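Because the structure is predicted, anything quoted here is derived from the model rather than measured. Heavy-atom basis, side chains included; hydrogens, waters and symmetry copies ignored.
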Amino acid sequence: MQLKKLNDKTIDQLFEAILSLKTIDECYIFFEDLCTVNEILSLSQRLEVARMLGKGCTYNQIEQETGASTATISRVKRCLNYGTDGYRMALERIKKL
(Lines give C-alpha, C1' and ligand atoms only; values in the text may rest on other atoms or scores of the structure.)
Protein backbone atom coordinates (compact mmCIF):
# COMPACT_ATOMS: atom_id res chain seq x y z
CA MET A 1 0.00 0.00 0.00
CA GLN A 2 1.25 3.44 -0.81
CA LEU A 3 1.10 5.66 2.23
CA LYS A 4 0.40 8.77 0.19
CA LYS A 5 -2.87 7.24 -1.06
CA LEU A 6 -4.21 7.29 2.49
CA ASN A 7 -4.22 11.10 2.48
CA ASP A 8 -5.29 11.14 6.10
CA LYS A 9 -5.24 14.25 8.30
CA THR A 10 -3.96 12.26 11.28
CA ILE A 11 -0.99 10.99 9.24
CA ASP A 12 -0.31 14.55 8.11
CA GLN A 13 -0.42 15.61 11.76
CA LEU A 14 2.10 12.91 12.69
CA PHE A 15 4.49 13.96 9.92
CA GLU A 16 4.11 17.64 10.85
CA ALA A 17 4.93 16.77 14.46
CA ILE A 18 8.07 14.90 13.37
CA LEU A 19 9.12 17.77 11.12
CA SER A 20 8.70 20.19 14.03
CA LEU A 21 11.36 18.42 16.11
CA LYS A 22 14.59 20.38 16.18
CA THR A 23 17.15 18.25 18.01
CA ILE A 24 18.07 14.63 18.60
CA ASP A 25 17.03 15.11 22.24
CA GLU A 26 13.58 16.28 21.14
CA CYS A 27 13.32 13.19 18.92
CA TYR A 28 14.17 10.93 21.85
CA ILE A 29 11.49 12.62 23.98
CA PHE A 30 8.80 12.47 21.28
CA PHE A 31 9.51 8.94 20.07
CA GLU A 32 9.73 7.58 23.61
CA ASP A 33 6.12 8.64 24.08
CA LEU A 34 5.04 7.59 20.58
CA CYS A 35 6.67 4.19 20.10
CA THR A 36 7.83 1.19 22.02
CA VAL A 37 11.55 0.53 22.32
CA ASN A 38 11.17 -2.44 19.96
CA GLU A 39 9.42 -0.29 17.33
CA ILE A 40 12.25 2.25 17.41
CA LEU A 41 14.83 -0.53 17.21
CA SER A 42 13.04 -2.03 14.20
CA LEU A 43 12.90 1.30 12.38
CA SER A 44 16.55 2.06 13.08
CA GLN A 45 17.52 -1.47 12.02
CA ARG A 46 15.76 -1.05 8.66
CA LEU A 47 17.55 2.23 8.03
CA GLU A 48 20.89 0.61 8.84
CA VAL A 49 20.06 -2.31 6.52
CA ALA A 50 19.32 0.21 3.75
CA ARG A 51 22.62 1.99 4.40
CA MET A 52 24.56 -1.26 4.30
CA LEU A 53 22.80 -2.46 1.14
CA GLY A 54 23.62 0.89 -0.46
CA LYS A 55 27.28 0.31 0.41
CA GLY A 56 27.18 -3.12 -1.27
CA CYS A 57 27.26 -5.29 1.86
CA THR A 58 26.12 -8.89 1.55
CA TYR A 59 23.09 -10.36 3.29
CA ASN A 60 25.46 -12.32 5.56
CA GLN A 61 27.35 -9.19 6.60
CA ILE A 62 24.11 -7.34 7.24
CA GLU A 63 22.63 -10.24 9.22
CA GLN A 64 25.73 -10.50 11.40
CA GLU A 65 26.09 -6.76 12.06
CA THR A 66 22.43 -5.82 12.53
CA GLY A 67 20.67 -9.02 13.53
CA ALA A 68 18.11 -8.37 10.79
CA SER A 69 16.35 -11.37 9.30
CA THR A 70 16.75 -12.19 5.63
CA ALA A 71 13.06 -11.29 5.23
CA THR A 72 13.73 -7.78 6.57
CA ILE A 73 16.81 -7.40 4.40
CA SER A 74 14.83 -8.54 1.33
CA ARG A 75 12.00 -6.12 2.08
CA VAL A 76 14.40 -3.20 2.45
CA LYS A 77 16.21 -4.23 -0.75
CA ARG A 78 12.88 -4.34 -2.60
CA CYS A 79 12.15 -0.81 -1.37
CA LEU A 80 15.58 0.35 -2.52
CA ASN A 81 15.08 -1.20 -5.96
CA TYR A 82 11.40 -0.53 -6.58
CA GLY A 83 10.25 1.91 -3.91
CA THR A 84 9.99 5.68 -3.80
CA ASP A 85 13.67 6.30 -2.91
CA GLY A 86 12.79 7.39 0.61
CA TYR A 87 15.70 5.50 2.15
CA ARG A 88 18.18 6.96 -0.34
CA MET A 89 16.84 10.49 0.11
CA ALA A 90 17.10 10.34 3.91
CA LEU A 91 20.50 8.65 3.97
CA GLU A 92 21.96 11.11 1.46
CA ARG A 93 20.68 14.04 3.52
CA ILE A 94 22.35 12.75 6.66
CA LYS A 95 25.45 11.90 4.61
CA LYS A 96 25.32 8.16 5.33
CA LEU A 97 25.21 6.87 1.74
Side-chain angles (χ1 to χ4, degrees):
M1 175 190 345
Q2 292 179 353
L3 193 57
K4 197 164 189 162
K5 287 183 179 179
L6 293 178
N7 196 22
D8 183 272
K9 67 180 180 177
T10 60
I11 294 172
D12 289 350
Q13 178 179 265
L14 170 64
F15 293 158
E16 287 171 10
I18 292 168
L19 289 170
S20 77
L21 303 172
K22 296 187 182 349
T23 66
I24 295 290
D25 285 337
E26 287 183 0
C27 288
Y28 273 98
I29 291 166
F30 179 72
F31 280 94
E32 185 168 337
D33 285 348
L34 182 67
C35 300
T36 67
V37 171
N38 285 337
E39 289 168 336
I40 295 295
L41 291 172
S42 291
L43 293 171
S44 64
Q45 181 187 66
R46 289 179 200 158
L47 187 61
E48 179 61 7
V49 167
R51 187 194 70 77
M52 292 179 76
L53 284 168
K55 295 285 187 190
C57 295
T58 66
Y59 273 43
N60 283 341
Q61 289 172 311
I62 296 168
E63 254 185 306
Q64 288 176 352
E65 286 189 37
T66 68
S69 68
T70 55
T72 296
I73 299 167
S74 293
R75 183 183 183 286
V76 171
K77 186 174 184 175
R78 190 169 45 254
C79 289
L80 287 171
N81 291 334
Y82 306 109
T84 59
D85 284 334
Y87 282 121
R88 285 191 207 321
M89 176 180 58
L91 288 167
E92 285 173 2
R93 287 184 182 173
I94 63 170
K95 310 284 190 255
K96 298 290 183 182
L97 244 186

Colleague: Compare all side-chain heavy atoms of Thr72 with those of Thr66 and state whether any distance is below 4.5 angstrom.
Modeller: no
Colleague: Between the side chain of Glu65 and the main-chain N/O of Ile62, is any donor-acceptor distance below 3.5 Å?
Modeller: no
Colleague: Please find the pair of heavy atoms, one from Ile73 and one from Leu53, that lie closest to each other, and give the distance.
Modeller: O-CD1, 3.9 Å
Colleague: To the closest 0.5 Å, what do you measure between CG (Leu80) and CZ (Arg78)?
Modeller: 11.0 Å
Colleague: For a quick test of reading the model, state the closest non-hydrogen atom pair linking Val49 to Ala68 and the distance between them.
Modeller: CG2-CB, 3.7 Å
Colleague: Can you tell me how far the CG atom of Asp25 sits from the CZ atom of Phe30, to the nearest 0.5 Å?
Modeller: 15.5 Å
Colleague: Is any side-chain N of the basic residue among Asp85 and Arg88 closer than 4.0 Å to the acidic one's carboxylate O?
Modeller: yes
Colleague: Checking the side chain of Glu26 only, and the main-chain atoms of Lys22 only, is there a donor and an acceptor separated by less than 3.5 Å?
Modeller: yes
Colleague: Measure the spacing between CD1 of Ile29 and OG1 of Thr23 and express it to the nearest 0.5 Å.
Modeller: 7.0 Å
Colleague: Distance check, rounded to the nearest 0.5 Å: Glu63 atom CD versus Thr58 atom OG1?
Modeller: 9.0 Å
Colleague: Once you round to the nearest 0.5 Å, how far does CZ of Arg51 lie from OH of Tyr87?
Modeller: 13.5 Å
Colleague: How close do Tyr59 and Thr70 get, heavy atom to heavy atom, and via which atoms?
Modeller: CE2-O, 4.1 Å
Colleague: Between Leu21 and Leu14, is there a shared hydrophobic cluster once you connect ILVMFWY residues whose side-chain heavy atoms come closer than 4.5 Å?
Modeller: yes
Colleague: With a 6.0 Å cut-off (strictly less than), is the heavy-atom count around OH of Tyr28, excluding the residue itself, greater than 12?
Modeller: no
Colleague: Measuring from atom NZ of Lys77 to atom CE of Met52, what distance do you get when rounded to the nearest 0.5 angstrom?
Modeller: 13.5 Å
Colleague: Could you state whether Leu34 and Ile40 fall into the same hydrophobic cluster, counting links through intermediate Ile, Leu, Val, Met, Phe, Trp or Tyr residues with side-chain heavy atoms under 4.5 angstrom apart?
Modeller: yes
Colleague: Would you say that more than 12 heavy atoms from the other residues, nucleotides or ligands in this model lie under 6.0 Å from the CD of Gln61, or not?
Modeller: yes
Colleague: Looking only at atom types and distance, does a side-chain atom of Ser42 sit under 3.5 Å from a main-chain N or O of Asn38, one as donor and one as acceptor?
Modeller: yes
Colleague: The test is side-chain contact (heavy atoms from CB on, under 4.5 Å); show your working for Val76 and Leu47 and say whether it passes.
Modeller: CA-CA 8 Å; Val76 171; Leu47 187 61; over 6 Å; no
